[in-house]
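Down below is the structure, laid out as C-alpha cells.
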Amino acid sequence: MASVANAPLNLLKPLNLPRYKPGFGSGFVTTPLRSTINAPFLTAQSSKQSSSPIICFASEKQNSSTDTSSTARIRSEVLTPFRSVRMFFYLAFIASGGLGTLIATTQLIAALTNPSRALDAPEIAKGLGIDICAVSLFAFLYYRENTAKNAQIARLSREENLSNLKLRVDEKRVIPVSSLRGFARLVICAGPASFITESFKFSEPFTEGLVERGVLVVPFATDGNSPSFEFDESEESKDFTSKRKRLWQLNPVIVSEWTNWLDEQKKLAGVSSDSPVYISLRLDGRVRGSGIGYPPWNAFVAQLPPVKGMWSGLLDGFDGRV
C-alpha cells in the first residue's frame, strides 16, 4: 500500500514534519454496525491528559489472520463474482488439452514405429504441440487466478481481524473497529509513547480540518508507556480543545490482539517490529494508505472530503490514498 503525499496541498500550509516512508499496511472492509460517533467523550479534569490502552483478557483467542474464514471466502466471491467461473473453464480447458495431448502422444508413437504411417507424423506432432501450448497457457492462467484468490482471502481474513479489534470511547463504552464504519476515518498511530506525543503535537494546526473530515486517531503505544496529551483548558480555547479531545478520544482495548495484528502487518510489509508507523482507513473501513513515521496530517486535510450527513458514504472509495 502506498501513501500519496505528493499531491498539491493547497488547503493549509504544510507542516514541516519528519520524512516518512510510504508503503505499509493492508486494506479491510467491515460489516456495518451502527454506532453513535457523536456520543460525548471522556472529559479531562486537568490540562494534562494521559492516554493509555486498557489491558484485558479474552476468553476466546482471536483467530490468526492467516486462517481462512468462511466470511472471507464469501466476501471474496462478492468482490470477484466471475473468478470461480473463469477458474472452472481454465480447468476444463486444461483437462481437454491434457486428453488431447495424451491421444496425440500415442498416435505419434504409433506413427514413428510404423513406417506405413510415417507421413502422418509431422501433422500429429503439430497437433501435439498445439495441445501442449494450450495446456501450458491455461495452467498459467489458472495458477495466476488461484494465487490472486488466495492472496485476496488472506487479506480479507486480516481485515476481519482488524475489524474485530476493540476500542474504548469512554469509561463505559467499548466498541469494535467495525462499528465506526461509515462514521469515521480512523488513523492508527503506533509507536513509542514519545512518537505518539509528537504526532499529537504535529496534528494541532490541522485539528479543525481533521475533525470536519471525520478523522479519529487511535494512539497505540508499543513500548508500554502512556503518551501525555496536554490540552489548553482556557475559556477562549474551549471549542478548539473540545475538538482536540474528540480527535484523540479513542484508545485500543486488549493490547495483545492489537500487538499481534500490527506485528503481522509489519512482517508482511518487511518493516522492522520497532518502527513507528501509521495506518489510515477509509470511511468504508478499507485501508487508504500507511507509512513509516508521522502521519501526514496536512495531506489528510488536503485530500479528504468533509463528512456531510447522509451523503458522506457516497464517495467512500474515492477519498484519497494517504
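Residues: numbered from 1 along the sequence shown. Small disclaimer: the values here were computed from a predicted structure and weren't measured. Only heavy atoms go into these numbers, but all of them, side chains included; no hydrogens, no water, no symmetry mates.
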For this session: Give the C-alpha distance, both sets of side-chain angles, the deciding distance and a yes or no for side chain to side chain contact (heavy atoms under 4.5 Å, CB included) between Leu128 and Thr101.
Result: CA-CA 6 Å; Leu128 177 62; Thr101 300; 3.6 Å; yes
Exercise. Stepwise, does the side-chain hydrogen bond (donor to acceptor under 3.5 Å, both in side chains) test hold for Asp232 with Ser237?
Worked result: CA-CA 7 Å; Asp232 185 359; Ser237 302; 3.1 Å; yes
For this session: Let me see the working for Ser163 and Arg181 under side chain to side chain contact (heavy atoms under 4.5 Å, CB included), right down to the final yes or no.
Result: CA-CA 9 Å; Ser163 68; Arg181 180 175 182 259; over 6 Å; no
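The two residues Val135 and Ile94 come nearest to each other via the heavy atoms CG2-O, 4.0 Å.
Rounded to the nearest 0.5 Å, atoms CD1 (Ile124) and CD (Gln107) are 5.0 Å apart. Note that the CZ atom of Arg117 and the CG atom of Asn114 stand 7.0 Å from one another [nearest 0.5 Å]. Between the CZ atom of Phe220 and the CG atom of Leu262 there is a distance of 6.5 Å, given to the nearest 0.5 Å. One distance of note links NZ of Lys166 with CD1 of Ile254; it measures 5.5 Å at 0.5 Å rounding. The line from CG of Leu162 to CH2 of Trp261 is 4.5 Å long, rounded to the nearest 0.5 Å. To the nearest 0.5 Å, the span separating CG on Leu141 from CE on Met87 amounts to 11.0 Å.
Between the Asp223 side chain and the Gly191 main chain, no donor and acceptor come within less than 3.5 Å of each other. Using modelled atom types, no side-chain atom of Arg144 and backbone atom of Phe140 make a donor-acceptor pair closer than 3.5 Å. With hydrogens and angles disregarded, no donor-acceptor distance shorter than 3.5 Å links the side chain of Thr241 to the backbone of Lys238. With Ser280 contributing its side chain and Arg288 its backbone, the two residues share no donor-acceptor pair below 3.5 Å. At distances below 3.5 Å, not a single donor-acceptor pair connects side-chain atoms of Arg185 with backbone N or O atoms of Gly214. A donor-acceptor pair under 3.5 Å is absent between the side-chain atoms of Lys243 and the main chain of Val211, judged by distance alone. Asn146 places no side-chain N or O within 3.5 Å of a backbone atom of Tyr142 that could act as its donor or acceptor partner. Put simply, the side chain of Ser96 never gets that close to the backbone of Ala92: no donor and acceptor are under 3.5 Å apart. In this structure a side-chain-to-backbone donor-acceptor pair under 3.5 Å is present from Ser136 to Ile132. When atom types are taken as modelled, the side chain of Lys266 and the backbone of Val271 share no donor-acceptor pair closer than 3.5 angstrom.
Hydrophobic cluster of Ile103: the remaining members, joined at side-chain heavy-atom separations below 4.5 Å, are Leu99, listed by chain and number.
Using a 30° and 60° split on the angle between ring planes, Phe138 and Tyr90 fall in the tilted class, from 30° to 60°. Below 30°, between 30° and 60°, or above 60°: for Phe200 and Trp248 the angle between ring planes is above 60°, a perpendicular geometry.
Contact annotation: the side chain of Val215 approaches that of Leu304 to within less than 4.5 Å [non-hydrogen atoms, C-beta and beyond].
Centroid-to-centroid, the aromatic rings of Phe195 and Tyr294 come within less than 6.0 Å. Between Trp297 and Phe202, the distance from one ring center to the other does not fall under 6.0 angstrom. Here Phe82 and Phe89 keep their ring centres 6.0 angstrom or further from each other.
Using a 4.0 Å cut-off between a side-chain N of Lys or Arg and a carboxylate O of Asp or Glu, Lys245 and Glu233 qualify as a salt bridge. Ion pairing between Arg158 and Glu264 fails under the 4.0 Å rule for side-chain N and carboxylate O.
With sequence neighbours excluded, the residues satisfying side-chain hydrogen bond (donor to acceptor under 3.5 Å, both in side chains) with Asp274 are Ser272.
Of the residues listed (Glu212, Arg244, Arg246), the one engaging Thr207 in a side chain to side chain donor-acceptor pair (under 3.5 Å) is Arg244, and it is the only one. Each of Val217, Leu186, Ile188 was checked for a side chain to side chain contact (heavy atoms under 4.5 Å, CB included) with Leu250, and the lone residue meeting it is Leu186.
Arg168 and Gln249 are not linked by any side-chain donor-acceptor pair at a separation below 3.5 angstrom, with hydrogens and angles left out of the test.
Other residues, nucleotides and ligands contribute only 12 or fewer heavy atoms inside 6.0 Å of the CD atom of Glu123.
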